[in-house]
Asks: 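Submitted below is the structure of interest, expressed as structure tokens.
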Amino acid sequence: MAARVVGRTGRLAAVVRSSAVRLQSRLHGSTGLRSGSQANFFPPLEDAMLPSGSFNNRMALITGGGTGLGRAMTATLSQLGAQCIIASRKLDVLQRTAEEISSQTGNKVHAVQCDVRDPQAVSQCVDQIEALTGLPDVIINNAAGNFVCPSERLSPNAWKTITDIVLNGTAFVTLELGKRLIQNQKGASFLAITTIYAESGSGFVVPSASAKAGVEALYKSLAAEWGRYGHRFNIIQPGPIRTKGAFSRLDPTGAFEKAMIDRIPTGRLGTPAEIANLAAYVSSNYASWMSGAVIRFDGGEYVSLAGEFNELRSVTPDQWKLLEAMIRKTKGS
Ligand SMILES: CCC/C=C/C=C/C(=O)SCCNC(=O)CCNC(=O)[C@H](O)C(C)(C)COP(=O)(O)OP(=O)(O)OC[C@H]1O[C@@H](n2cnc3c(N)ncnc32)[C@H](O)[C@@H]1OP(=O)(O)O
Ligand SMILES: NC(=O)C1=CN([C@@H]2O[C@H](COP(=O)(O)OP(=O)(O)OC[C@H]3O[C@@H](n4cnc5c(N)ncnc54)[C@H](OP(=O)(O)O)[C@@H]3O)[C@@H](O)[C@H]2O)C=CC1
């Protein structure tokens, strides 16, 4: 009897495996498709979601605003009327982005060079911002550094570099602006971009995971402490969104992208415009009651990775009939 059940279970497992493989190759393999078919249910909308003028007369600082997601956030805020300041190390990249966005939106985008790892540079950058636009109403801490690397290969300086950009950089920008805003009795919305593994931790990106977790603790703590000064602090945890900066350092060969998409229940990567709309909402007065929030924005990837039995998605209805019959036949323990 036991042998019959084991034999049947083995055959079932083989059937399940081979149908899962067929399904995978129908969805992605042979066609070269980069999204699951369910992605058709979840088309990304690219236009700005908030009413035009939502950020009129508002100043927004976006660190790392010259590229990737920061650039998309800058474009959306600028389109909605904000005067933006983008800050990072590469002035030429910032200036190009600033010109491109302001020529499209008609609203000024300023480029300010700043290495967020250096508290003195941050202080000088804030001096420059005060002179250009006054203190900002919206601060988005988006700048980051990251690369995949087995932890046993990390040098002390590799660890320091990532934690300096992500945790110390966010802290320097937030504290410098926070102090000046408090002195000037001006309220502001602070937003930090972390990632879904800030919560779970993740191998192979350990400095980033540790630093992003620190950023989340910083923002939740300040949400509690600085509400009395008119400051809100929120966090967006993005799942994978293709940008050159992230994917060239996290998936340099492109080999992991398909696996990423396979485990995302909505069947596709996010888009920069989607996260830009969310960031704009969180930073806007429509969200003035939102503080201390941690918003996971990942197409369902986090819960999909977490659930013990989620792999059973690949079991077909016929296979379920068989499984159910086997389960129902079991009597006692
Ligand atoms: C998919 C879903 C979840 C995704 C999450 C994504 C999270 C992200 O944060 S993506 C953002 C990615 N964008 C960036 O990283 C942009 C900025 N990055 C950089 O500028 C560089 O990559 C770097 C972070 C390395 C900083 O550059 P910098 O010039 O300041 O540093 P280096 O002098 O080059 O390096 C400093 C030490 O780190 C060691 N190192 C650099 N790269 C690697 C690597 N790939 N593997 C191992 N170690 C590395 C480098 O050797 C230096 O250490 P040492 O030799 O001991 O001096
Ligand atoms: N794309 C994705 O799938 C995901 C991204 N994220 C997060 O989204 C944010 C944006 O990432 P993404 O757009 O993908 O990647 P990018 O590499 O395009 O963006 C990172 C930005 O940070 C800036 N930066 C890096 N180091 C410093 C520094 N020392 N001082 C100031 N600025 C710095 C870079 O500009 P410069 O080189 O000019 O300094 C760059 O513009 C990051 O916080 C990242 O952790 C989170 C989860 C997923």
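Just follow the structure's listing: the first ligand is 1, and inside any ligand the first atom is 1.
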Asks: If you measure only the distance, is there a donor-acceptor pair under 3.5 Å linking the side chains of T243 and R71?
Replies: no
Asks: If the plane angle is over 60° it's perpendicular, under 30° parallel, otherwise tilted; pick one for Y219 and F233.
Replies: perpendicular
Asks: Answer yes or no: is there an ion pair linking R96 with E100, defined by an N-O contact shorter than 4.0 Å?
Replies: no
Asks: Measuring from atom OG1 of T163 to atom CG of N168, what distance do you get when rounded to the nearest 0.5 angstrom?
Replies: 6.0 Å
Asks: Which option, G65, A144, G64, owns the non-hydrogen atom nearest atom 20 (C) of ligand 2?
Replies: A144
Asks: For ligand 2, does I165 get within less than 4.0 Å through its side chain, its backbone, both, or neither, judged by non-hydrogen atoms?
Replies: side chain
Asks: Quick check on N146 - does any of its heavy atoms sit under 4.0 Å from an atom of ligand 2?
Replies: no
Asks: Mind checking whether G169 has a heavy atom under 4.0 Å from ligand 2?
Replies: no
Asks: Under a strict 4.0 Å criterion on non-hydrogen atoms, which protein residues are in contact with ligand 1?
Replies: R89, R117, A144, G145, N146, F147, C149, S155, N157, A158, T161, I162, T195, Y197, P240, G245, A246, R249, L250
Asks: Identify the protein heavy atom lying closest to atom 39 (O) of ligand 2, giving its residue, its atom name and the separation to 0.1 Å.
Replies: R89 NE, 2.7 Å
Asks: Note the single closest protein heavy atom to atom 38 (O) of ligand 2, along with its residue, its atom name and the distance in Å.
Replies: S88 OG, 2.7 Å
Asks: Please indicate whether any nitrogen or oxygen in R242 is less than 3.5 Å from any nitrogen or oxygen in ligand 2.
Replies: no
Asks: When you measure from atom 31 (C) of ligand 2 to every protein heavy atom, which one gives the shortest distance, and what is it?
Replies: C114 O, 3.2 Å
Asks: Below 3.5 Å, N or O to N or O, backbone or side chain included: is there any such pair between L69 and ligand 2?
Replies: yes
Asks: So, does V93 sit close enough to ligand 2 that a heavy atom of it is under 4.0 Å from the ligand?
Replies: no
Asks: Could you check which of G239, G66, A87 puts a non-hydrogen atom nearest to atom 48 (C) of ligand 2?
Replies: G239
Asks: Using a strict cut-off of 4.0 Å, indicate which atoms of ligand 2 neighbour a heavy atom of T195.
Replies: 46 (C), 47 (C)
Asks: Quick one: nearest non-hydrogen protein atom to atom 15 (O) of ligand 2, plus distance?
Replies: T243 OG1, 3.8 Å
Asks: Examine V138 and I295 and state if one hydrophobic cluster contains both, with Ile, Leu, Val, Met, Phe, Trp and Tyr joined whenever side-chain heavy atoms are less than 4.5 Å apart.
Replies: yes
Asks: Would you mind reporting whether M49 and T76 have side-chain heavy atoms less than 4.5 Å apart?
Replies: no
Asks: Can you label the angle between the H231 ring and the Y229 ring as parallel, tilted or perpendicular, going by 30° and 60°?
Replies: tilted
Asks: Less than 4.0 angstrom from a charged side-chain N to a carboxylate O is my criterion; do D127 and R180 meet it?
Replies: yes
Asks: Are any of the heavy atoms in P240 under 4.0 Å away from ligand 2?
Replies: yes
Asks: Between T194 and E216, is a side chain to side chain donor-acceptor pair (under 3.5 Å) present by the stated rule, with each step listed?
Replies: CA-CA 7 Å; T194 62; E216 294 198 351; 2.6 Å; yes
Asks: So between T161, T194, I162, whose heavy atom ends up nearest atom 6 (N) of ligand 2?
Replies: T194
Asks: Give the contacting part of N142 toward ligand 2: side chain, backbone, both or neither, where contact means a heavy-atom distance below 4.0 Å.
Replies: both
Asks: Please step through side chain to side chain donor-acceptor pair (under 3.5 Å) for the pair S283 and R58, ending with a clear verdict.
Replies: CA-CA 11 Å; S283 305; R58 303 194 76 201; over 6 Å; no
Asks: Can you tell me how far CG of D137 sits from CD1 of I139, rounded to the nearest 0.5 angstrom?
Replies: 8.0 Å
Asks: Output the distance between atom CD (E99) and atom CG (L94), rounded to the nearest 0.5 Å.
Replies: 11.0 Å
Asks: Examine V116 against ligand 2 and note whether any of their N/O atoms are separated by less than 3.5 Å.
Replies: yes
Asks: Check the pair F55, L50 against side-chain contact (heavy atoms from CB on, under 4.5 Å), reporting the backbone distance first and the verdict last.
Replies: CA-CA 9 Å; F55 283 86; L50 291 177; 3.9 Å; yes
Asks: Quick one: look up the protein heavy atom nearest atom 2 (C) of ligand 2 and list residue, atom name and how far away it is.
Replies: I241 O, 3.3 Å
Asks: So how far is it from T170 OG1 to L175 CG, rounded to the nearest 0.5 Å?
Replies: 10.5 Å
Asks: State the atoms of ligand 2, each with its element, that fall below the 4.0 Å cut-off from a heavy-atom position in G68.
Replies: 13 (O), 18 (O)
Asks: Determine the minimum heavy-atom distance between G178 and W226, stating which atoms define it.
Replies: CA-CZ3, 3.6 Å
Asks: What distance separates S304 OG from N310 CG, expressed to the nearest 0.5 Å?
Replies: 5.5 Å
Asks: Return the residue, atom name and 0.1 Å-rounded distance of the protein heavy atom closest to atom 16 (P) of ligand 2.
Replies: T67 OG1, 3.6 Å
Asks: Please verify whether a non-hydrogen atom of K244 lies at under 4.0 Å from ligand 2.
Replies: no
Asks: List the closest protein heavy-atom neighbour of atom 45 (O) of ligand 2: residue, atom name, distance to the nearest 0.1 Å.
Replies: K212 NZ, 2.8 Å
Asks: Considering only the protein, which heavy-atom contact is closest to atom 33 (C) of ligand 2, and what is its distance?
Replies: A143 CB, 3.7 Å
Asks: To the nearest 0.5 Å, what is the distance between SG (C114) and CZ (F172)?
Replies: 11.0 Å
Asks: Could you please spell out the steps behind the side-chain contact (heavy atoms from CB on, under 4.5 Å) verdict for T133 and K108?
Replies: CA-CA 10 Å; T133 64; K108 184 74 190 160; over 6 Å; no
Asks: Which atoms of ligand 2 have any heavy atom of D115 under 4.0 Å away?
Replies: 28 (C), 29 (N), 30 (N)
